[in-house]
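Each residue takes its place number in the sequence, starting with 1. All heavy atoms count here, side chains included; hydrogens, waters and symmetry mates do not. Both counts, for ligands and for their atoms, begin at 1 and track the order of listing.
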Amino acid sequence: MPVLRVALDLPLHRLFDYVDADASTADVGYRVRVPFGRGERIGIIVEVGETSDWPLDQLKPALAVLRDLPPLPPAFFRLCDFASTYYQAPLGEVLLQALPGGLKRVAPPERRAGRKTKPPKFHPPPALTAEQHAAVEAVHPENGFAVHLLHGVTGSGKTEVYLHLIARQLAAGRQTLLLVPEINLTPQLEARVRARFPETEVVSLHSELAEAARERHWRAAFEGAARIVLGTRLAVFSPMPDLGLIILDEEHDPSFKQQDGMRYSARDVAVVRAHQAAVPVLLGSATPSLESWANAQSGRYRLQTLYQRANPAATLPTVRLLDTRKLPLQEGVSSHLVAAIQARLERGEQSLVFLNRRGYAPVLACAACGWISRCKRCAANMVLHLADRRLRCHHCGFEHRVPHACPTCGNQDIHPYGRGTQRLEAWVQQQFPEARVLRVDRDAVKSRKQWEAVLERIHGGEADILVGTQMLAKGHDFPKLTLVGVLGADSALFAADWRAPERLFAQLMQVAGRAGRAELKGEVIIQTQYPDHPLFSALVQHDYPGFAQGQLAERESAGFPPYAFQAMLRAEAPEMAEAIEFLKTAAALPVIGEHPDVLIYDPVPMRMARLANLERGQLLAESAARPALQAFLPAWREALEGIKTSSRLRWHLEVDPLEF
Ligand code: ADP
Ligand code: ZN
Ligand code: ZN
């Protein structure tokens with residue numbers, strides 16, 4: 001009797017056996033409905049054989065092999081196998097997370113065909129600049145796998161390079177996978193792709209699509225109808241029969257890292273996928289991740305550089321540092337910045353004031369007794385949101401009304417401390433009563449529709465001063481924007497997280513890149529107490545390579561990634577003692593002695609030690625060699641699974657962690 005080895009979406013590192021009299025090896029890759037516990041589940045057939053580790057007469061029959069789709073191809077299994085092994089995630093979880101929801105449902109909903117949208121108006125491409133041309137010519141899909149790092153300053157026309165490469169793929173009859181960090185923030189990119197290729201089926205794949213649409217798009221990619229797939233990190237797994245090229249835009253962006261479930265880096269998976277499929281992968285950024293930059297420096301990745309802005313009339317903005325130690329500030333804003341905004345108002349140009357902290361103030365406090373608005377569930381403060389008079393925890397979402405008096409001593413004189421975008425917006429409006437001030441952050445702009453409306457208002461010149469967070473930093477062209485003011489950047493300079501400078505530099509380069517994208521010259525004013533800091537000096541000179549070199553030297557001497565390879569074991573429980581106890585046991589497992597190349601640190605509380613009523617600890621495993629770490633992890637994970645824990649304790653392993 002044929003035995004089906006079935007992958008199910010369960011946190012278990014094993015497959016499940018069922019029998020099916022009619023099955024054959026041709027059924028590998030089909031979905032299958034099987035009994036499980038008291039219910040039924042949808043799994044994926046990974047193997048069909050004659051034997052099982054279980055007595056055959058105890059195996060249950062499968063209920064139905066689902067052949068409504070072609071079987072999932074070997075390439076899909078190869079990629080998921082890699083992810084399962086590399087990230088220590090159960091194969092079943094990896095395989096099934098890659099499928100759209102409807103295909104995993106025992107009782108799938110009725111599906112109607114999607115509406116046909118009418119083809120957009122064709123926009124002919126501009127003639128490439130010499131630098132763009134060289135970048136396009138450097139990619140040779142006929143030569144198989146290669147990783148290209150496209151380093152191009154903001155506005156240098158990286159997108160145009162992508163579009164030309166895609167055109168070549170289309171002409172060669174191959175599909176392109178274009179991955180972006182957050183699709184909602186880049187409606188312009190999707191529109192540009194559709195307008196360039198009006199005759200081509202382009203589908204988007206991201207988590208905010210309605211389930212039916214996501215399934216339709218996924219199928220179109222899988223069946224080959226869609227020739228261009230534009231997606232966020234989850235799309236990196238979608239099967240594409242004619243895949244010829246993978247492009248990752250803003251490759252440094254932390255959103256390519258999945259932070260729960262299987263914690264994977266879509267950038268790294270994309271590189272592996274390209275290798276397995278023997279196709280090129282292009283990573284693009286104005287501020288590449290230091291991992292990718294190090295790979296380009298060592299020659300593992302091929303570097304293409306766009307030094308100039310593509311539009312010859314647009315030059316890079318002038319970056320000026322304002323030393324706030326010597327300047328009087330009002331609401332944190334210097335009179336120089338106020339004057340610069342005033343000048344833009346008079347010329348009918350736009351200004352952007354960047355403050356990467358939303359809310360009115362980060363904390364509310366009582367001066368009489370020292371009470372502060374802490375979240376009772378997290379090791380964090382509740383942020384004051386005056387717009388709807390709420391205190392809100394940005395970590396767990398807990399919120400309540402703003403108290404009228406101090407909850408501890410009854411003092412009515414409680415005050416907001418510090419500054420967020422709402423407070424800044426109010427002050428800016430007060431300074432410039434006739435100006436149209438628009439705040440752009442995740443509180444003001446919650447949906448894609450709202451975001452598109454906001455972009456339209458900015459483009460239509462309906463705003464004079466923008467106050468916003470990093471939402472505004474990403475890839476938009478605002479032709480009338482000529483001034484960017486940056487507030488509150490200093491806190492990241494000395495953060496305990498050693499990746500903070502890398503993120504800050506990328507963010508500031510990006511937001512600075514919004515200024516002077518068209519004919520009007522742009523200016524960036526950064527307020528800081530540390531004008532001599534090397535990060536700012538590099539920024540003034542638009543010198544990413546210099547900044548990266550300095551950071552890499554520091555990382556090398558400190559033994560941090562990319563010069564070391566890490567995995568983080570995290571445990572959470574109602575009491576910290578329980579989490580740490582588990583981590584201590586984990587750090588003392590005998591298997592560790594068998595891997596002398598792997599260093600295990602001491603268990604410590606996480607920086608955010610308490611989140612949503614759970615105390616969290618972590619334990620770092622590190623090695624100078626990736627293979628040594630990879631050899632250690634499966635053995636460690638198996639030993640960890642053998643540790644008896646209370647049901648209140650949860651743990652997970654994260655390979656190549658980005659946050660500590
Ligand atoms: P990036 O993705 O590097 O930020 P974009 O591809 O969005 O840059 O290009 C920036 C601007 O320059 C856009 O307005 C784009 O239309 C324009 N542009 C790009 N390439 C060219 C070119 N070869 N000639 C003229 N304009 C160009
Ligand atoms: Zn008080
Ligand atoms: Zn909280």
Side-chain angles (χ1 to χ4, degrees), residues 123-136 150-166 178 180-181 186 188-193 195-196 247-251 282 284-288 304-316 363-383 390-400 403-415 459 473-479 481 509-519 608-614 616:
H123 280 268
L128 291 182
T129 64
E131 286 179 350
Q132 286 172 320
H133 183 73
V136 171
L150 179 62
H151 172 225
V153 299
T154 52
S156 58
K158 294 182 290 297
T159 312
E160 206 47 62
V161 172
Y162 307 156
L163 294 172
H164 273 75
L165 287 169
I166 293 173
L178 173 55
V180 295
T186 50
Q188 287 175 326
L189 176 64
E190 189 172 343
R192 251 170 103 177
V193 174
R196 179 65 55 85
I247 301 170
L248 238 107
D249 189 29
E250 309 290 4
E251 66 95 33
L282 180 75
S285 174
T287 51
Q304 261 80 49
T305 307
L306 308 178
Y307 297 95
Q308 308 286 335
R309 284 195 158 172
N311 178 346
T315 47
L316 286 171
V363 68
L364 189 65
C366 167
C369 74
W371 171 84
I372 59 170
S373 58
R374 292 193 67 81
C375 176
K376 60 182 186 189
R377 308 174 61 202
C378 303
N381 294 331
M382 306 270 285
V383 176
R390 311 285 284 176
L391 284 173
R392 195 168 284 140
C393 174
H394 286 185
H395 298 278
C396 73
F398 181 70
E399 59 171 71
H400 55 74
H404 292 292
C406 171
T408 319
C409 74
N411 172 21
Q412 301 217 332
D413 205 17
I414 50 178
H415 288 288
H459 276 283
K474 309 215 168 170
H476 313 290
D477 266 332
F478 303 134
L481 184 81
M509 276 287 249
Q510 258 185 347
V511 71
R514 296 317 105 210
R517 301 271 291 192
E519 285 67 25
M608 251 287 287
R610 187 176 175 80
L611 176 69
N613 281 334
L614 288 171
R616 314 185 302 161

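The distance criterion of under 3.5 Å between nitrogen or oxygen atoms is met by Gly155 with respect to ligand 1. When only interatomic distances are considered, the shortest N/O to N/O separation between Ala127 and ligand 1 falls below 3.5 Å. For ligand 1, one of its N or O atoms has an N or O atom of Lys158 under 3.5 Å away.
For a distance threshold of 2.8 Å, the protein N, O or S atoms nearer than that to the Zn ion (ligand 2), listed by chain and number, are Cys366 SG, Cys369 SG, Cys406 SG, Cys409 SG. Annotation: protein N, O or S atoms under 2.8 Å of the Zn ion (ligand 3) (waters excluded) comprise Cys375 SG, Cys378 SG, Cys393 SG, Cys396 SG.
The salt bridge (Lys or Arg N to Asp or Glu O under 4.0 Å) check on Glu160 picks up Arg192, Arg196, with sequence neighbours excluded. Remark: Arg390 engages Glu399 in a side-chain hydrogen bond (donor to acceptor under 3.5 Å, both in side chains) (not counting sequence neighbours).
In this structure a side-chain-to-backbone donor-acceptor pair under 3.5 Å is present from Arg616 to Met608. Counting only distance, with no hydrogens or angles, the side chain of Arg514 and the backbone of Ala473 share a donor-acceptor pair below 3.5 Å. No side-chain donor-acceptor contact under 3.5 Å links His395 to the backbone of Arg610. At distances below 3.5 Å, at least one donor-acceptor pair connects side-chain atoms of Lys158 with backbone N or O atoms of Gly152. Under a 3.5 Å cut-off, the side chain of Arg309 and the backbone N or O of Thr315 do form a donor-acceptor pair.
Residue Arg309 does not touch ligand 1, judged by heavy-atom distances below 4.0 Å. For Arg192, every heavy-atom contact with ligand 1 shorter than 4.0 Å involves the side chain, none the backbone. Looking at Ser156 against ligand 1, both its backbone and its side chain come within 4.0 Å, counting heavy atoms. Under 4.0 Å from ligand 1, the heavy atoms of Leu128 that appear belong solely to its backbone. Neither the backbone nor the side chain of Val161 has any atom closer than 4.0 Å to an atom of ligand 1 (non-hydrogen atoms only).
Heavy-atom minimum distance, Cys366 versus Asn411: SG-ND2, 3.4 Å. Here the shortest heavy-atom pairing between Cys396 and Arg377 reads SG-NH1, 3.8 Å.
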Exercise for review: Dump the intermediate steps for side chain to side chain contact (heavy atoms under 4.5 Å, CB included) on Tyr162 and Leu150, then the final yes or no.
Suggested key: CA-CA 10 Å; Tyr162 307 156; Leu150 179 62; 4.0 Å; yes
Point to revise | side chain to side chain contact (heavy atoms under 4.5 Å, CB included) assessment of Gln132 paired with His164 | key: CA-CA 9 Å; Gln132 286 172 320; His164 273 75; over 6 Å; no
Practice item. Please assess Leu391 against Phe398 for the test side chain to side chain contact (heavy atoms under 4.5 Å, CB included), listing each intermediate value before the final yes or no. Key: CA-CA 8 Å; Leu391 284 173; Phe398 181 70; over 6 Å; no
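You'll find the side chain of Leu316 reaches within 4.5 Å of the side chain of Thr154, heavy atoms only. Within the 4.5 Å cutoff, the side chain of Glu519 has heavy atoms near those of the Asn311 side chain.
When each atom of ligand 1 is checked for a heavy atom of Ala310 under 4.0 Å away, the hits are 12 (O), 18 (N), 19 (C), 20 (N), 21 (C), 27 (C). Under a 4.0 Å criterion applied to the non-hydrogen atoms of Glu160, ligand 1 contributes the atoms 6 (O), 20 (N). Interface of Thr129 with ligand 1, defined as ligand atoms under 4.0 Å from a residue heavy atom, comprises 23 (N).
No more than 12 heavy atoms of other residues, nucleotides or ligands shown are found within 6.0 angstrom of NE2 on His133.
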